[in-house]
Amino acid sequence: MVISFGVLLYYGEEIYRKAPPEPDKVVTQSGETLFSGQDIKNGQNVWQSIGGQELGTVWGHGAYKAPDWTADWLHKEAVFILNKWAEADYGKGYAALNDENKAALKARLKDLIRKNRYDVKTGVLTIPDVQAEAVKAISKEYTGLFMDGPQYQKLREDYSIPPGTVKDPERMHEMNAFFFWATWATSTDRPGMEITYTNNWPPEKLIDNKPTSSLIIWTGFSVILLLAGIGLLAWYYASNREEEDFTEVPKVNPLSGQQITPSMRATLKYFWVVSLLILVQIAMGVITAHYGVEGLGFYGLPLDKVLPYSVSRTWHLQLAIFWIATSWLATGLFMAPAVSGHEPKYQKLGVNILFIALLVIVVGSLVGQWLGIMQRLGLVENFWFGHQGYEYVDLGRFWQIFLFAGLFIWLFLLGRALWPALTKKSENRQLLILFLISSIAIAAFYGAGLMWGRQTNLSIAEYWRWWVVHLWVEGFFEVFATVVIAFLFVRMQLIKPKLATATVLFSTIIFLSGGILGTFHHLYFAGTPTAVLAIGATFSALEVVPLVLIGFEAYHNIRLSKASSWIQTYKWPINFFVAVAFWNLVGAGIFGFLINPPIALYYMQGLNTTAVHAHAALFGVYGMLGIGLMLFVLRDMNLQPQWKEKQLKFAFWTLNIGLLLMVLISLLPVGLMQTWASVKYGLWYARSAQFLNHPPMQTIRWLRVIGDTVFTAGALVLVWFVFGLKTGWSIKKK
């Protein structure tokens, strides 16, 4: 970990030094000033205020509806200049020229666009007059699109951009400045090199943006390393695996005499909120998916006027993180006193205060995001209380700080309850220490989300954002999950503490050895140096290695669930853990590696193939685990009643089948067809309204209704079951 974080920080410094420069001024060769440096910085904030990465993408990161604005701008700029020259030289448009004349103009365009004219000493970026004409034309088009140009109404509907998304002409001018700068970084060579600031991304044949040789080489190396890693891990299992640890299973549930303390009982309301947030999150997902086929409405209702696409998608993502995190935090609060047998003074009060704080954060941040996107806040106020525009960390800085403080309150409550058990020498102590370390990591690593400012260079902000998304969510939450599941089985005396501790340590070492530096695979094309691509490709391949043998975990959990008759009361919570193993292999493993190799991501970044991985990994792994933990705690709270398991059986299978259908019959086919378009024509076309509104594509997107319906039915029954434990309708009558 020390070595890995050392490398991560070292190349973080390189990203700071080699990020695409933000000029103090953009001028034409004839001396006209187009944009100031402050226009670019403010424009980034305007883009964030309308939803940022929740409405189209920049550098491939963000939403799958609307274009990648940098790829779209770049293609429009290239076509404008080529047509201008073709008309001047040949008297007809570029498309009408023969191949020889086209090749000559393309070579001329490449020299014009890719030449770096930024002066480091003066901070001035000078662009040719013909490029300035293109910038003005595209700016005019974007102004009509984002404001209220009537000629763009159909395109707005295709992109789910409501009229008046940007209301102030000055703000629109600034956002155009930001889009120009972000596009300039994708098409301009680094000083002294023949690759752009974004490693020749996006694919654009008109300026010879194509995969670099290092990108292809490191793709091959990553595949070789993956195979070697799988071979070594298989050899380790074959040579070191001892006889199965057949622990003698108790004849009765060892937790049957467990005392439920007031603070443990106080966590019940957390799970009620989790259940409600699941429903709201799914509703937002349904609305967001429907915008993909109807644009600005919901079955004829003009929903975009009060709940535009960028809001519904923001809430869909944020609520997923909120309910999953809430379930995990509540499990920790329940487990701590149960393990130590100690209820600290005022522990229940602390649990209740934290609950109120979490509610305030959820409601406050969602309202702030709505106000920001509806352009009700100034740019400074939007940064603090509205919408930061960065996917997964959209909430305003005030709410970020509030949540960061809430995580440390949670850590304090957890630690004080666990302390007596930590100070006592027992065979559980090592596992408890791991549990505490993973809890500290969860609280601490969210702090990476506070490392950028309101006008931080996008490359640097992306570096820290992926610390949160990859290291916090995909890294240390994974460690916490591994420890918690192992500990649940230890408490039930199904496995021995020594074996559980060794297994957790081994899993954590294998996972983090690839996971920490695997963060860089998100940053191949985010204005980072080539070394980031090499390291990211190498270690992201290693992330997949432990997932190949995930079947052992699934088999182990199924075997435990059948070890004794009393364990049948935990059958469905354990089944959700089995589902976690399945989705770890499929969602994180197969679909993750589908997009991780550099050559694959070069063409797939920003396409629906990413959504395949996101849905299968976020809900499939972390969502299923959150549900499993919730059911475990609800079972432990009251062991006496017999549950109506038909409801849980229905919920379990419909959630899993629905998610699989959603991915296989809609998201994956759309993503693969987009990949074909990206390879053949360029990313601009794969994300265009022309391609996505083609009838076969529309049909495939409509097919998502099948999976969504099955999935939603499962969620409704699950929530009905959870509340039914309180009302009695989920409990069998004696």
Side-chain angles (χ1 to χ4, degrees), residues 1-2 240-264 267 328-348 350-351 407-444 476-512 553 556 560 563-564 566-567 570 629 632-633 636-637 639:
M1 283 181 65
V2 170
N240 290 285
R241 198 170 170 217
E242 299 175 358
E243 290 297 316
E244 287 284 352
D245 180 74
F246 287 108
T247 304
E248 188 176 342
V249 177
K251 290 187 169 37
V252 294
N253 188 346
L255 305 179
S256 57
Q258 173 180 274
Q259 182 184 358
I260 305 299
T261 68
S263 72
M264 292 166 68
T267 61
W328 293 29
L329 299 182
T331 300
L333 293 173
F334 180 88
M335 291 268 293
V339 169
S340 66
H342 171 64
E343 172 85 346
K345 196 175 183 181
Y346 303 123
Q347 182 78 354
K348 180 183 175 183
V351 170
L407 289 171
F408 273 95
I409 294 171
W410 169 76
L411 181 63
F412 170 74
L413 293 170
L414 195 75
R416 72 197 292 256
L418 272 180
W419 193 250
L422 285 165
T423 55
K424 185 170 60 178
K425 289 187 177 179
S426 70
E427 58 179 356
N428 289 341
R429 191 180 179 197
Q430 305 303 323
L431 197 56
L432 280 172
I433 291 171
L434 284 171
F435 181 66
L436 185 63
I437 289 171
S438 65
S439 300
I440 292 169
I442 283 176
F476 291 103
F477 263 63
E478 183 84 19
V479 176
F480 180 78
T482 306
V483 178
V484 167
I485 291 175
F487 209 90
L488 286 172
F489 290 143
V490 167
R491 286 183 65 236
M492 295 164 69
Q493 298 179 23
L494 299 179
I495 54 175
K496 291 178 180 176
K498 184 178 179 181
L499 178 67
T501 305
T503 303
V504 167
L505 275 172
F506 179 75
S507 301
T508 301
I509 290 167
I510 292 294
F511 184 81
L512 291 184
E553 180 189 335
H556 178 72
L560 288 178
S564 180
W566 64 264
I567 302 174
Y570 293 92
L629 293 175
F632 240 107
V633 171
D636 277 356
M637 273 188 183
L639 291 167

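What you are looking at is a predicted structure, and each value in this text was computed from that prediction instead of being measured. The residues of the chain are indexed from 1 along the displayed sequence. We use all heavy atoms of the structure for the numbers below, so side chains are in, but hydrogens, waters and symmetry mates are not.
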- Item | Leu639 side chain near Tyr570 side chain, heavy-atom distance below 4.5 Å | yes
- Query: Atom CG in Leu411, atom CD1 in Ile442: separation rounded to 0.5 Å?
  - Reply: 9.5 Å
- Might you work through the side chain to side chain contact (heavy atoms under 4.5 Å, CB included) test for Arg491 and Asp636, ending with a clear yes or no? CA-CA 11 Å; Arg491 286 183 65 236; Asp636 277 356; 3.6 Å; yes
- List the atom of Arg416, the atom of Lys345, and the distance in Å for their closest heavy-atom pair. NH2-O, 2.8 Å
- Distance, nearest 0.5 Å, that separates CZ of Phe487 from OG1 of Thr501: 8.5 Å
- Query: Which pair of non-hydrogen atoms, one from Leu431 and one from Val483, has the smallest distance, and what is that distance?
  - Reply: O-CG1, 4.0 Å
- Item | Shortest non-hydrogen contact between Arg429 and Leu422, atoms and distance | NE-O, 2.9 Å
- Message: Measuring only between side-chain heavy atoms, which start at C-beta, is Phe334 closer than 4.5 Å to Met637?
- Response: yes
- Is the closest side-chain donor-acceptor distance between Ser263 and Gln347 under 3.5 Å? no
- Assess whether atom CZ of Phe506 is packed by more than 12 heavy atoms of other residues, nucleotides or ligands within 6.0 Å. yes
- Candidates Asn428, Val484, Val339 - the one meeting side chain to side chain contact (heavy atoms under 4.5 Å, CB included) with Phe435: Val484
- Item | Minimal non-hydrogen separation, Gly415 against Leu436, with atom names | CA-CD1, 4.4 Å
- Shortest non-hydrogen contact between Leu414 and Gly332, atoms and distance: CD1-O, 2.9 Å
- Item | Gap between atom OG of Ser438 and atom CD1 of Ile433 - 0.5 Å precision | 12.0 Å
- Inter-residue atom distance Ser439.OG - Leu432.CG, 0.5 Å rounding: 10.0 Å
- Plane angle bin for Phe480 and Trp410 - parallel if under 30°, tilted between 30 and 60°, otherwise perpendicular: perpendicular
- Task: Considering non-hydrogen atoms only, spot the tightest contact between Pro344 and Ala417 and give its length.
- Result: CG-CA, 3.7 Å
- Side chain proximity check, Met335 to Leu488, heavy atoms < 4.5 angstrom: yes
